[in-house]
Asker: 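The structure that follows is given in the form of structure tokens.
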Amino acid sequence: MTVYGNFPGSRPRRLRTTPAMRRMVAETRLDPANLILPAFVREGIDAPVAISAMPGVQQHTLDTLRKAAVEAVSAGVSGIMLFGVPTDEKKDARGTAGTDPGGILQVGLRAVREEVGDDLVVMSDLCLDEYTDHGHCGVLTADGRVDNDATLERYAEMAQVQADAGAHVVGPSGMMDGQVGVVRDALDRTGHEDVSILAYTAKYSSAFYGPFREAVGSSLKGDRKTYQQDPANARESLRELALDLEEGADMVMVKPAGPYLDILAKVADSVDVPVAAYQISGEYAMIEAAAEKGWIDRDAAIMESLTGIRRAGAQMILTYWATEAAQRLGRA
């Protein structure tokens, strides 16, 4: 090949020559502090229960939940998001186990706070779906529709009991209109002004939630398309964002993460509050399944997927690999 003059004059490959060079010029940094561990605590078990659709993830006993929290702290993970899994006998139409101070999520919150104190940001899922016998995120009307305003009353109760149990942060995830404002008011009225709200601002009705249904023992009948966002819509997420901020959200989130990186980037570019993204069960399961087949490099795929979410604008990433990824980052 004949080379003319100094062609090519620009050689970007010079900045890719060695691992040290690539590390020095990297535009996106992934740190253990960016990571939050979602965890499930199940009532009525004396040993952890493996979740078949999510290899490596389990429903915890109180003892193993405590150990998972300590391990997360040691790895440098910033937070833990707790989901309660009650016995089927405790489920009813109004999800009363979710507002029972002795309910499994509240017991789990107290256990984690007792174990790690303020060394981990303890977060709670504020939703009724784990506790209702119909599996929906709210109270139903006589004809089977989710009643938005009646559900908000239940969310206000949940906010108080979760804060009483020790949650630093509550995460209203049901996608009810007005949920952030109602939760903020309930927290402030009950002396929990310092408890933060992580708003599930753009939560899409996604096919990737499948394994999560096993994880929480979901009783869902039908779907959630009348309250979760339509995957076809982008501008709608910015409307939800404006409403959540107006109502007092301290942090906002996009869920799922990977299929909605465009939404995540739009949200991150639009706000001056911390932005989170949830790498959900189906995203986790796909990588684990492909790796088990030998089709991809598991460890590299995990870190690449997390880096992509971080690059799109997430300061916080909820991921079931949080502790594992943090340990790997700590060794890098």
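Source: prediction; values computed, not measured.
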Asker: List in chain and number order the residues that pass salt bridge (Lys or Arg N to Asp or Glu O under 4.0 Å) with Arg154, two or more places apart in sequence or in another chain; answer none if no residue qualifies.
Answerer: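 Arg154 satisfies salt bridge (Lys or Arg N to Asp or Glu O under 4.0 Å) with Glu157 only.
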
Asker: Do Tyr209 and Lys255 come within less than 4.5 Å of each other through their side chains, counting heavy atoms only?
Answerer: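 Of all side-chain heavy-atom pairs linking Lys255 with Tyr209, at least one is under 4.5 Å.
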
Asker: Check the surroundings of atom CG in Asp230: do more than 12 heavy atoms from other residues, nucleotides or ligands lie under 6.0 Å from it?
Answerer: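 Yes, the 6.0 Å shell around CG holds more than 12 heavy atoms from other groups.
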
Asker: Is Leu264 close to Leu261 at the side-chain level, that is, under 4.5 Å between some pair of heavy atoms?
Answerer: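 In contact.
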
Asker: Among Leu152, Asp188, Val170, which residue meets the side chain to side chain contact (heavy atoms under 4.5 Å, CB included) test with Val183?
Answerer: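 Only match with Val183 under side chain to side chain contact (heavy atoms under 4.5 Å, CB included): Val170.
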
Asker: First locate atom CD1 of Ile287, then atom CH2 of Trp321, and finally report the distance between them rounded to the nearest 0.5 Å.
Answerer: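 Output value for this atom pair is 3.5 Å.
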
Asker: Using modelled atom types only, decide if a donor and an acceptor are shared between the side chain of Asn233 and the backbone of Glu236 within a distance under 3.5 Å.
Answerer: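 Not a single qualifying donor-acceptor pair exists.
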
Asker: So do Thr319 and Leu35 actually touch side chain to side chain, heavy atoms under 4.5 Å?
Answerer: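 In contact.
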
Asker: Of the non-hydrogen atoms in Gln228 and Ser205, which two are nearest, and what is the gap between them?
Answerer: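 The answer is OE1-CA, 3.3 Å.
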
Asker: Would you check if Arg23 and Arg29 make a side-chain contact, meaning some heavy-atom pair closer than 4.5 Å?
Answerer: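 Sidechains of Arg29 and Arg23: in contact.
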
Asker: Do Thr201 and Val267 touch side chain to side chain, with heavy atoms closer than 4.5 Å?
Answerer: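 No, side chains not in contact.
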
Asker: For the pair Arg184 and Asp250, find out whether any cationic side-chain nitrogen is under 4.0 Å from an anionic carboxylate oxygen.
Answerer: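 Yes.
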
Asker: Would you call the rings of Tyr278 and Tyr320 parallel, tilted or perpendicular, taking 30° and 60° as the class edges?
Answerer: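 Answer is tilted, since the angle falls between 30° and 60°.
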
Asker: Okay, side chain of Asn148, backbone of Asp177: is any donor-acceptor separation there less than 3.5 Å?
Answerer: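 The answer is yes, because a donor-acceptor pair under 3.5 Å joins these two groups.
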
Asker: Looking at CD of Gln106 and CG of Leu82, how far apart are the two atoms once the value is rounded to the nearest 0.5 Å?
Answerer: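 Reported value, rounded in 0.5 Å steps: 10.5 Å.
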
Asker: Who pairs with Asp143 by salt bridge (Lys or Arg N to Asp or Glu O under 4.0 Å), at least two apart in sequence or on another chain?
Answerer: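 Applying salt bridge (Lys or Arg N to Asp or Glu O under 4.0 Å) to Asp143 gives Arg145.
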
Asker: Counting N and O atoms only, with roles assigned by atom type, does the side chain of Thr190 sit under 3.5 Å from a partner on the main chain of Ala186, one being a donor and the other an acceptor?
Answerer: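 Confirmed, Thr190 side chain pairs with Ala186 backbone.
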
Asker: Flag the pair Tyr155 / Leu126 as yes when at least one side-chain heavy-atom distance between them is below 4.5 Å, and no otherwise.
Answerer: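 SC-SC contact between Tyr155 and Leu126 confirmed.
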
Asker: With Glu114, which residues qualify under salt bridge (Lys or Arg N to Asp or Glu O under 4.0 Å), at least two apart?
Answerer: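 Applying salt bridge (Lys or Arg N to Asp or Glu O under 4.0 Å) to Glu114 gives Arg66.
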
Asker: Does some side-chain heavy atom of Leu241 sit less than 4.5 Å from a side-chain heavy atom of Leu238?
Answerer: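 Heavy-atom side-chain distance check passes, below 4.5 Å.
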
Asker: Tell me the closest heavy-atom pair linking Thr132 and Gly138, and the distance in Å.
Answerer: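 Closest approach of Thr132 to Gly138: CG2-O, 4.4 Å.
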
Asker: What heavy-atom pair brings Leu128 and Met158 nearest, and what distance separates the two atoms?
Answerer: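 Scanning both residues completely, I find the closest heavy atoms to be CD2-SD, 3.6 Å.
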
Asker: As a test of understanding, state which of Asp164, Asp119, Asp118 forms a salt bridge (Lys or Arg N to Asp or Glu O under 4.0 Å) with Arg113.
Answerer: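 That would be Asp118.
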
Asker: Hey, what do you get for CD (Glu153) to CZ (Arg94), rounding to the nearest 0.5 Å?
Answerer: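 Separation between the atoms: 7.5 Å.
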
Asker: Within a radius of less than 6.0 Å around CD of Glu304, do more than 12 heavy atoms belonging to other residues, nucleotides or ligands occur?
Answerer: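 For Glu304, atom CD is not crowded (no more than 12 foreign heavy atoms under 6.0 Å).
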
Asker: So how far is it from Leu65 CG to Arg42 CZ, rounded to the nearest 0.5 Å?
Answerer: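 Leu65 CG to Arg42 CZ: 14.5 Å, rounded to 0.5 Å.
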
Asker: If Ile, Leu, Val, Met, Phe, Trp and Tyr residues are connected whenever their side-chain heavy atoms lie under 4.5 Å apart, and connections chain through other members, are Tyr260 and Met286 in the same group?
Answerer: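 The answer is yes; both residues are in one hydrophobic cluster.
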
Asker: Considering residues, nucleotides and ligands other than Glu193, do more than 12 of their heavy atoms fall under 6.0 Å from its CD?
Answerer: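 Counting neighbours around CD of Glu193, more than 12 heavy atoms of other residues, nucleotides or ligands fall under 6.0 Å, so yes.
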
Asker: What's the separation between atom CG in Asp88 and atom CD in Glu43, rounded to the nearest 0.5 Å?
Answerer: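 The CG atom of Asp88 sits 10.5 Å away from the CD atom of Glu43.
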
Asker: In terms of relative ring orientation, are Phe40 and Phe83 parallel, tilted or perpendicular, with 30° and 60° separating the classes?
Answerer: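 Plane angle between 30° and 60°, so tilted.
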
Asker: Answer with yes or no whether the side chains of Ser305 and Gln279 bring together a donor and an acceptor at under 3.5 Å.
Answerer: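 Yes, because at least one side-chain N or O of Gln279 sits under 3.5 Å from a partner of the opposite role on Ser305.
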
Asker: Would you find a donor on one side and an acceptor on the other, under 3.5 Å apart, between the side chain of Asn34 and the backbone of Gln315?
Answerer: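 Yes; judged by distance alone, with no hydrogens or angles, the pair exists.
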
Asker: Treating Arg22 as the side-chain partner and Arg16 as the backbone partner, does any N or O pair qualify as donor plus acceptor under 3.5 Å?
Answerer: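 It does hold such a pair.
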
Asker: Heavy atoms only: give me the nearest Ala268-Val275 pair and the separation to one decimal.
Answerer: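 Minimum heavy-atom contact is CA-CG2, 4.1 Å.
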
Asker: For the pair Tyr131 and Asp100, evaluate side-chain contact (heavy atoms from CB on, under 4.5 Å) and give the outcome as yes or no after the intermediate values.
Answerer: CA-CA 11 Å; Tyr131 311 101; Asp100 179 358; over 6 Å; no

Asker: Would Leu140 and Val146 satisfy side-chain contact (heavy atoms from CB on, under 4.5 Å), going step by step from the backbone distance to the final call?
Answerer: CA-CA 4 Å; Leu140 301 186; Val146 175; 3.7 Å; yes

Asker: Is Ile263 reachable from Leu245 through a run of hydrophobic residues whose side-chain heavy atoms are each under 4.5 Å from the next?
Answerer: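 Linked within one cluster.
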
Asker: Out of curiosity, does Met81 fall in the hydrophobic cluster containing Val161 (side-chain heavy atoms, cut-off under 4.5 Å, transitive links)?
Answerer: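 Hydrophobic grouping puts Val161 apart from Met81.
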
Asker: Check the hydrophobic clustering (I, L, V, M, F, W, Y; side-chain heavy atoms under 4.5 Å; chains of links allowed) and say if Ile280 and Ile51 are grouped together.
Answerer: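 Linked within one cluster.
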
Asker: Take a 6.0 Å sphere around CZ of Arg239 and say whether it holds more than 12 heavy atoms from other residues, nucleotides or ligands.
Answerer: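 At most 12 heavy atoms, drawn from other residues, nucleotides or ligands, come within 6.0 Å of this atom.
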
Asker: Looking only at heavy atoms, which two atoms of Ile317 and Leu306 are closest? And how far apart?
Answerer: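 Smallest interatomic distance, heavy atoms only, reads CD1-O, 3.5 Å.
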
Asker: Under 3.5 Å, is there a donor-acceptor pair between the side chain of Glu240 and the main chain of Ala202?
Answerer: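 Not a single qualifying donor-acceptor pair exists.
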
Asker: Knowing that exactly one of Arg298, Lys293, Glu283 qualifies, which makes a side chain to side chain contact (heavy atoms under 4.5 Å, CB included) with Glu288?
Answerer: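 Looking at Arg298, Lys293, Glu283, the match for Glu288 under the side chain to side chain contact (heavy atoms under 4.5 Å, CB included) is Arg298.
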
Asker: Are Leu318 and Ile302 connected in a single hydrophobic cluster, I mean Ile/Leu/Val/Met/Phe/Trp/Tyr linked by side-chain heavy atoms less than 4.5 Å apart?
Answerer: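 Looking at the clustering, Leu318 is in the same group as Ile302.
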
Asker: Do Val85 and Ile104 have side chains that approach each other closer than 4.5 Å (heavy atoms only, starting at C-beta)?
Answerer: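 Side-chain contact under 4.5 Å: no.
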
Asker: Taking it one step at a time, do Glu130 and Asp125 satisfy side-chain contact (heavy atoms from CB on, under 4.5 Å)?
Answerer: CA-CA 10 Å; Glu130 294 99 322; Asp125 177 61; 3.0 Å; yes

Asker: What is the distance from atom CG of Leu120 to atom CD of Glu71, rounded to the nearest 0.5 Å?
Answerer: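 That separation rounds to 11.5 Å.
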
Asker: So which heavy atom on Ala234 is nearest to which on Lys266, and how close?
Answerer: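 That would be CB-CE, 4.3 Å.
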
